[in-house]
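Worksheet: the structure to be examined is printed underneath.
Ligands are counted one by one from 1 in listed order, and the atoms in each one are counted from 1 as well.
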Amino acid sequence: MLSEFDLIKQYFVRPTSGRATLGIGDDCALLTPSPGMQTAISSDMLVEGRHFFAGEDAQRLGHKSLAVNLSDLAAMGARPVAFTLALALPAAERAWLEGFSRGLFALADAHGCELIGGDTTKGPLNICITVFGEVAPGRALRRSAARPGDDIWVSGTLGDARLALAGYLGELTLPADAQAAAGTRMHTPTPRVALGVMLAERGLAHAAIDISDGLVGDLGHILEKSHAGATLNADALPAGPVLATQPLALRRAFTAAGGDDYEICFTAPAANREAILAAGAECGTPVTRIGRIEAKAGLRWTDADGAPLTLELSSFDHFTN
Ligand code: ADP
Ligand code: MG
C-alpha cells in the first residue's frame, strides 16, 4: 500500500525545471516573479460525475485537468510558469497514478509549467489545479476591454466536444470513427497558449475569454463586463471537423452554445486583422472573424449575407440542457 508521501514522491516529485525557487517538499513553494511582471492566477476543479464520467481514462484526465487551467492563462494572455495540484483519490492505484501523471506532465512540459506543490487526500475523485502565469502590466486581455467597432474572433473550431457528449449521452448516434474523433476534442482539449500570449504581447486584442460553457454564454461575459452588445454571423462560426458533417440546425446549436471547446474568443480593432491572421498562422492556430462589438446591448445574429437571423436560444435548450 502506498503511503501519501510515497505517492507524492513517486508520481509527482520530479527534477526541478528551475522555474520555481523552491518546489515540492516544504510547507510552501517559492516563486520569484520576473522583474516587472504581474502574476496571473487561476484555479479549476474537475469533479467526477460532474465534469467527467466515472471510470474516465487517467491519462486523458491528467491532460484535461491542466489543459482547462492553461486555457484560462491563454485567455488572459499570460505565459504559464507553475501550478499546484490538490487531489482527492478514492484509492492509491498505481496504474491510475501512472496514467494521470503521464498525461499531466506531458502537457506541463510542453508549456514549461512546473508542478510546485499541492495536497493529497483520500476521498471521492476530485482534481483541483491552480496555475500561475506571467503577463506584463497593462497587457492582460480582460473581459471588460471590448470596444464598439471591435471585430469578434474565435480560435480553432467549435462544437465537436459537445457533439461527442451528445453521442455519449445517447442524444444522437454517430458512426464509431466520428464519435472517437469528436471524443478526442472533448477528452484532450488544446489550450491556445501561444495564440493568447501573442495577442497580449503584441497588443493585438482588447478583450478575451476562453470558451468553456459555450460561445454565446462566454461572449456574454465579455459583453456584460464591457457594457456592450454584439452581432454575430451564424454562418461564420467554425464548426469542428466532425460537427461540420452534421445538419445545419445541429451545427448552429453546437457551435453557438456547445461548451467544453477551450478555444479563445477575443475582440480586436479592425486595423489589426492582418496581424491577427499572421499571429494565428505563426502559432498554427486558425482564427476566424465571427462578428462585431456594438454599443447597443444584446446579442444579434445575421447569416453570411448580413441578413438578420432569429436564432432562438431557447431552441438550443434541447441540446444544451
Ligand atoms: P502539509 O501537511 O504542510 O500540507 P503535505 O504533507 O500535504 O504538506 O505535502 C508535503 C509536500 O508535498 C508539500 O510541499 C506539498 O505542496 C506537496 N504535495 C502534496 N500533495 C501534492 C500533489 N498532489 N502534487 C504535488 N505536490 C504535492
Ligand atoms: Mg497537506
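Of all the atoms in ligand 1, the ones that sit under 4.0 Å from a non-hydrogen atom of D119 are 7 (O), 19 (C), 20 (N), 21 (C), 23 (N). Shown in contact with F5 at under 4.0 Å from a heavy atom are these atoms of ligand 1, numbered in order with element: 6 (O). Atoms of ligand 1 found under 4.0 Å from any heavy atom of D27, numbered from 1 in the order shown, are 3 (O).
Compare S101, G118, C28 by their heavy atoms: the one nearest to atom 27 (C) of ligand 1 is in G118. Considering A29, G25, G23, A88 only, the shortest heavy-atom separation from atom 11 (C) of ligand 1 involves G25. Relative to atom 26 (N) of ligand 1, the option among G117, C128, A86 with the closest non-hydrogen atom is G117. Nearest-residue assignment for atom 17 (C) of ligand 1 (options D26, I24, V13; heavy-atom criterion): I24.
Here the side chains of Y262 and L70 are not in contact, with every heavy-atom distance at 4.5 Å or above. Looking at I152 and I293, their side chains come closer than 4.5 Å, going by heavy atoms from C-beta outward. S71 has its side chain out of reach of R192: every pair of non-hydrogen atoms, C-beta onward, lies at least 4.5 Å apart.
Classification of E134 and R19 as a salt-bridged pair fails, no side-chain N sitting under 4.0 Å from a carboxylate O. Ion pairing between E201 and R139 fails under the 4.0 Å rule for side-chain N and carboxylate O.
A centroid separation of less than 6.0 Å is found between the aromatic rings of Y168 and H187.
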